**Student:** 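Here it is, the structure in full.
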Amino acid sequence: MEYKSFPQRWILLGVLCCVGFSQLYTLTGFVVLNNVVSQFYQVPPSLTDLLAIFGSLLGCPVGLISAYFSDKLALRSLMLLTTGSLFCGSVICTIGFSSGNLFCVTVIGRIIMTSSIGILYTTQVILAACWFPAHQTATALTLPLCFFMIGSVSASLIYPHFIPKATFTIDANVSGHASQKVTNLFVTTYCALSALLLICLCLTFGYCKNYPPSPPSRAQEEVLTNMQKHNEQTKSMMQKCSEMWTIVSRRSFVLLCMTEIFATSGLVFLQFLLPSFVLDIFPNLHDTVPGTILVISIIAGAFTMPIAGKLVDKYKNFKTMAILGPSVMSVCTLGIVFAYQYKNIVSLYILYFIFSIGRSIYRPSATELLLEISYPDDKLLVTSLIMVIINLALFSFTLIMRAILTFAGAVIASACTGFFLILTIVFVSLVAPDYKRHNAGITKYTPIDEQ
C-alpha cells in the first residue's frame with residue numbers, strides 16, 4: 001500500500017510549536033521573576049507559583065473530560081480550543097498587568113490561558129499519529145517540546161534582563177519606576193503573543209483537518225478506522241468507564257504512571273523552582289544569574305531532545321533510554337546538593353546543564369514507551385488519562401518542594417528531588433518492554449514521493 005505525505009503537516013506542527021512556545025514563555029516569566037511579580041501585586045511567592053502552575057491543576061478535570069469524550073473529540077477541535085484559549089487569556093492578562101491592583105484579572109487570564117494545557121500533550125500525539133509517517137513520529141513529538149524549551153530560554157533571557165532588580169516600597173504597591181517597568185514588560189509581552197496566536201488561529205482554521213486524506217501507515221489507518229467506528233456508535237456511560245478502567249488497571253500503565261509522577265519532580269526542580277533555589281543560597285545575586293543558569297540548561301535540553309528523538313526512532317530502545325535519563329538526573333542532583341552545601345555556584349552551571357540533558361533523554365523515550373505498551377488502545381484516551389496524573393503531580397510537587405524550600409532550605413529540597421528520581425528509575429525498570437506497536441509492523445512505510 002502507498003501513502004502520501006502532505007506538506008500541511010508542517011504548518012500544523014508549526015502552530016503547535018507556537019502554542020507550546022507561548023505557554024512556556026509566559027509560565028517561565030512567573031518563575032524567573034517570582035519575587036518581582038509577588039511584590040508588584042503584593043502577594044506571597046506561593047500565589048505567584050500558582051500563576052505558573054494553574055494549568056497543572058486545571059489539567060486534571062480537563063484531561064478527564066477529554067478522556068471521557070475521547071470518541072467524539074478530534075484534532076481540529078483540540079487545536080482550535082488550545083490556540084483560542086491562549087489568545088483570549090493573553091488579552092485578559094494584558095489588562096491584568098496594567099495595574100498592581102488587578103491581580104484577580106491576571107488570575108482569570110491565566111486560568112483561561114492554561115485551561116487547555118491538559119489536552120496539549122494529547123494534541124501532539126494525535127497530530128503525530130494522523131499526519132506523520134511512522135519514521136517521523138518521535139520527531140513530530142519532540143519538535144513542540146523543543147519549542148517549549150525555546151520559550152523558557154527566551155523568557156529566562158528577556159525577563160531578568162529588563163528587570164534584574166526592582167525597588168518596591170512597603171506602604172504603597174510599588175514605586176512608580178518599578179511599577180512602570182513591570183507593566184511595560186508584561187503588557188508588551190502579552191500583546192505580542194496575542195498577535196502571534198491570532199495568526200495561529202487563522203492557520204488552524206485554514207489547514208487543520210481531523211484526518212489527512214491518506215493516513216501515514218497501515219497500522220495507524222486501522223487505529224483511525226476503529227476510532228471512526230467508535231464515533232458512529234454511541235457508547236453508554238458504563239462502556240466508557242469500563243474502557244478507561246481497563247487501561248488504568250493494567251500493571252504496565254500503573255507503573256508508568258508512578259514513573260511519570262516521580263519524574264515530574266525533575267521538571268519542577270529544573271524549571272519551576274530553579275531561581276528560587278539559587279537565590280535561597282545566594283540571596284544577593286541579581287535575577288539574571290539564575291536566569292542564565294536556566295538558559296544554559298534549557299539550551300542543552302533543546303539540542304538533546306531532537307537527537308534523543310532520532311535515536312528512539314532508529315533503535316527503539318525505549319525502556320533503556322527511559323532509565324538512562326533519570327539515572328543521569330539523579331547523579332547530577334547529588335552533585336547539586338554538595339554545590340549548594342558548599343556554595344559553589346560554578347558547579348551549578350555544569351550540573352544543571354547535564355541534568356537538563358538527562359531530562360531530554362527521558363521525555364521522548366517515556367512517551368514512546370507509553371504508546372508501545374498501550375497499543376492498540378485509543379491514543380487520545382491513553383494520553384488524556386496519563387496527563388491527568390502528570391498535571392496533578394506537577395501541581396503537587398511544586399507546592400511540596402516550595403514548602404520544603406521555605407522551611408528546610410535548598411539543600412534538603414535538592415536531596416528530596418534526588419530521592420524522587422531514584423524512585424523513577426525503580427518504577428520504569430519494572431515495566432515490561434512489550435513493544436506491541438513495533439511488532440505489528442508499523443515501521444513499514446513507502447513514501448509515494450520517493451518512487
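Here the structure is a predicted model, which means the values were calculated and not measured.
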**Student:** Is a donor from one side chain sitting under 3.5 angstrom from an acceptor on the other, for Tyr349 and Ser297?
**Tutor:** no
**Student:** Below 4.0 angstrom, N of the basic side chain to O of the carboxylate: do Glu368 and Lys319 qualify?
**Tutor:** no
**Student:** Have Ser265 and Thr417 got a donor and an acceptor in their side chains that come within less than 3.5 Å?
**Tutor:** no
**Student:** Using distance only, find each side-chain donor-acceptor pair of residues 272-281 under 3.5 Å and give its atom names and separation, not counting sequence neighbours.
**Tutor:**
{"residue": "Ser276", "atom": "OG", "partner": "Arg402", "partner atom": "NH1", "Å": "3.3"}
{"residue": "Ser276", "atom": "OG", "partner": "Arg402", "partner atom": "NH2", "Å": "3.1"}
{"residue": "Asp280", "atom": "OD2", "partner": "Ala410", "partner atom": "N", "Å": "3.2"}

**Student:** Got a sec: does the CZ of Phe282 have more than 12 other heavy atoms crowding it under 6.0 Å?
**Tutor:** yes
**Student:** Could you pull out every donor-acceptor pair under 3.5 Å between side chains of residues 324-339 and any protein atom, sequence neighbours left out?
**Tutor:**
{"residue": "Ser327", "atom": "OG", "partner": "Ile323", "partner atom": "O", "Å": "2.7"}
{"residue": "Ser330", "atom": "OG", "partner": "Pro326", "partner atom": "O", "Å": "3.1"}
{"residue": "Ser330", "atom": "OG", "partner": "Ser327", "partner atom": "O", "Å": "2.8"}
{"residue": "Thr333", "atom": "OG1", "partner": "Met329", "partner atom": "O", "Å": "2.7"}

**Student:** Centroid-to-centroid, Phe269 to Phe420, below 6.0 Å?
**Tutor:** no
**Student:** Could you check Phe186 against Tyr159 for ring-ring contact (aromatic ring centres under 6.0 Å, His included), going step by step and ending with a plain yes or no?
**Tutor:** CA-CA 9 Å; Phe186 281 92; Tyr159 281 106; 5.1 Å; yes
**Student:** What is the minimum heavy-atom distance between Ile112 and Gly89, and which atoms define it?
**Tutor:** CG2-N, 3.7 Å
**Student:** Does a side-chain heavy-atom distance below 4.5 Å link Ser85 with Met113?
**Tutor:** no
**Student:** Please check if any side-chain donor atom of Gln180 sits under 3.5 Å from a side-chain acceptor atom of Asn184, or the reverse.
**Tutor:** yes
**Student:** Are the side chains of Tyr41 and Asn101 in contact, using a 4.5 Å heavy-atom criterion?
**Tutor:** no
**Student:** Would you tell me whether Thr26 and Arg110 have side-chain atoms, one donor and one acceptor, within less than 3.5 Å of each other?
**Tutor:** yes
